[in-house]
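The structure appears below as structure tokens.
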Amino acid sequence: MAAANSAPLNDEPAQPEEREKQQLPPKSYADAVEQEPPAKGTNGKNDANGTLGSNENRAEHDGSKQTGHKASVLRIVDTGAPDTNDKHGDRPQIERQESKHEYSATGLDDTPRTPPRYKHRKTGSKSSTSSQDKPGTDEKGTKTNGFEKPKKPKVKDDHKDTTVFETVGEQNGSKLISVQTSGTYEKQIRRDEKRAPKTDHEEGLTSGKKAGQRWERSAIRFAPLNVPLHRRLQTLVVLWHTLCIAICISTFCFLCAIPLFWPLLIPYMIYCMSSKASTSGTMSHRSEFLRSLPVWSLFASYFPARLHRTQELPPTRKYIFGYHPHGIISMGAFAAFSTEALGFSQLFPGIKNALLTLDTNFKIPIYRDYALAMGLASVSKESCENLLSKGGPNKEGMGRAITIVVGGARESLDAQPYQLRLVLKCRKGFVKMAIRTGADLVPVLAFGENDLYDQFQPDSHPKIHKFQLIVKKLLGFTIPLFHARGVFNYDVGLMPYRRPVNIVVGRPIRVAQTAKPDQEEIDRVHELYIQELERIWETWKDDFAPNRKEELQIVE
């Protein structure tokens, strides 16, 4: 039955001896694998019904098997499944969208899952490729191990709302892909890091305050050691003028503590109380040598200060210079009218000027003699009349001039940097004095006088300002709470700032002398005086007050 039902797959012999006798090539099993499947039908060919041979052929083949060598062959059977190797029409064609650095994540991801290693590296010479594949040294000479992560490629994101992927790293042929964060997300992360409270990483440690932290935050700027000598001398002269009254009082008290000097101090005190040198108008104690000393040139160049005239003044008339503003100590008035450092005698030849100050200053021992030698006089009514009526070549005051700081101590309370507020509306006594003595009024405006010191604002400290006004009413002077720079620093002290002071002398206002002037004439001259001050301000404010905070204001 077996011989009848089986048939050989191939009529050729399979044993090597029989194939040599029939002059056939050696049989190879590999060739049997590569052979096409036998056709349907007898003798290894398919018939019309698609069955393999007849039963008789099968039986003969089985018989030959039993008697000869058994050979293993690969049987390929047609299962009826569709051939996928030749037919690709049913599959949709997808265009691949793989870039050099990223996957776009659009459409079907048909990219290979294991891209080749170092795919994106440039291929150059053999030496460059070998140095990339093998561990060694890079171009800069640093050692590499061949497995370092490449730098993160930058991906341009033209659309803010689209999702973009970026390659984080690549190792052993595999990429690490991450979603690129948007700009707003990174800003939010940085904002959260700033707002988050900072915690100490060193747990269990409690530190004290940092030594020297206040010195690091200090706003005090100290003067360097290599300051030129002439600048040191400038500071020394200004320091003397600033502390002159305090030094004179301290010296007198020290002398009083020594009984050996009592026989000299007692007569001196009697002389100071009975002397009328400050109000006599003779200026007998005035020393032109002391006023012309070179040290006052150092004083004026400290700021620096300059004196400017609008027009010449004839020496055949008498004048009242009205100095504005008062400032804290009136540094500009002292430099221009008490010394020859700014060249007053050259600008106004033939005119002998005297700066007026409070009468109480001439009651201070030692200081009164120094002030009289510098040409200062009392601002009292008696002193003004004597200076303008008893001096000059004809003994009637011709060629004489006095300088009055019109605002006085009240105006010093409004001396704020880069501001100019003049207490002038109610100050008409000097106008009346000019009409009575026949002296021409000369407005003088000092740009920068208020900039030399800082002091408390009256608006921010109303109680302190009220106390200062009470002192002014009771004692006739006030104590402004001011500060500026020091001797060896630029931020704290009683020394004035090094800021320019420009003193402009305006045009004179001619008056007619009247023994008893009426109020209407006083108001008219006072109005002309204010107009000339405003003209000076409008003409020279851009040149001498470029950093001003407000315009000129006439108050009270």
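- Looking at R291, its side chain does come within 3.5 Å of a backbone N or O of M374 through a donor-acceptor pair.
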Worksheet item: Going through the distances and angles, do M433 and E385 end up as a side chain to side chain contact (heavy atoms under 4.5 Å, CB included)?
Response: CA-CA 8 Å; M433 178 62 65; E385 290 181 350; 3.6 Å; yes
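- Distance alone, capped at 3.5 Å, places no donor-acceptor pair between the S338 side chain and the A335 backbone.
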Worksheet item: Does the pair H241 and Y302 meet the rule for a ring-ring contact (aromatic ring centres under 6.0 Å, His included), with working shown?
Response: CA-CA 12 Å; H241 178 73; Y302 170 89; over 10 Å; no
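- A donor-acceptor pair is defined here as one N or O able to donate and one able to accept, closer than 3.5 Å; no such pair exists between the side chain of D359 and the backbone of S378.
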Item to complete: Begin from the C-alpha positions of M269 and I266 and carry the test side chain to side chain contact (heavy atoms under 4.5 Å, CB included) through to its verdict.
Response: CA-CA 5 Å; M269 288 297 300; I266 294 175; 5.9 Å; no
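- Using a 4.0 Å cut-off between a side-chain N of Lys or Arg and a carboxylate O of Asp or Glu, R524 and E521 qualify as a salt bridge.
- Just one of E534, E551, E550 meets the salt bridge (charged side-chain N to carboxylate O under 4.0 Å, His left out) condition when paired with K541; it is E551.
- Ring-centre distance between F348 and Y319: not below the 6.0 Å cut-off.
- Crowding of R485 atom CZ: a count of heavy atoms from other residues, nucleotides or ligands under 6.0 Å exceeding 12.
- Of all the heavy atoms in G281 and L387, the pair that sits closest is CA-CD2, 3.4 Å.
- For residues 399-410, every residue pair satisfying the side chain to side chain donor-acceptor pair (under 3.5 Å) rule, not counting sequence neighbours, is listed here: N353-T403, R410-D414, R410-E556.
- With hydrogens and angles disregarded, a donor-acceptor distance shorter than 3.5 Å links the side chain of K318 to the backbone of L388.
- Counting only distance, with no hydrogens or angles, the side chain of S389 and the backbone of G397 share no donor-acceptor pair below 3.5 Å.
- No donor-acceptor pair closer than 3.5 Å links the side chain of Y370 to the backbone N or O of C244.
- By the ring-ring contact (aromatic ring centres under 6.0 Å, His included) test, F482 pairs with Y453, sequence neighbours left out.
- T251 contributes a side-chain N or O that, together with a main-chain N or O of I247, makes up a donor-acceptor pair within less than 3.5 Å.
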Worksheet item: Can T316 and M398 be said to form a side chain to side chain contact (heavy atoms under 4.5 Å, CB included), step by step?
Response: CA-CA 6 Å; T316 56; M398 294 302 174; 5.7 Å; no
Item to complete: Apply side chain to side chain contact (heavy atoms under 4.5 Å, CB included) to V227 and T235, showing your working.
Response: CA-CA 11 Å; V227 175; T235 304; over 6 Å; no
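- Closest heavy-atom contact between L452 and A484: O-CB, 3.8 Å.
- Using bins of under 30°, 30° to 60° and over 60° for the plane-to-plane angle, the ring pair H308/F544 lands in the parallel bin.
- The existence of a salt bridge linking R548 and D542 is confirmed by a sub-4.0 Å separation between a basic side-chain nitrogen and an acidic carboxylate oxygen.
- A search for side chain to side chain contact (heavy atoms under 4.5 Å, CB included) contacts involving P263 returns nothing, not counting sequence neighbours.
- Here R499 does not pair with D451 in a salt bridge; the nearest charged N to carboxylate O distance is not below 4.0 Å.
- The backbone N or O of D440 lies less than 3.5 Å from no partner atom in the side chain of R510, so there is not a single donor-acceptor pair.
- Of the possible donor and acceptor atoms, one in the side chain of H526 sits under 3.5 Å from a partner among the backbone N and O of L424.
- Contact record, A277 with R368: CB-NH2, 4.4 Å, taken as the closest heavy-atom pair.
- Classification of the F303-F299 ring pair by plane angle, with boundaries at 30° and 60°, yields perpendicular.
- A distance-only check finds no donor-acceptor pair linking the side chain of E411 to the backbone of V406 [under 3.5 Å].
- A distance of 6.0 Å separates CD1 of I503 from CG of L307, quoted to the nearest 0.5 Å.
- In this structure, the separation between CG on D518 and NZ on K432 is 10.5 Å, given to the nearest 0.5 Å.
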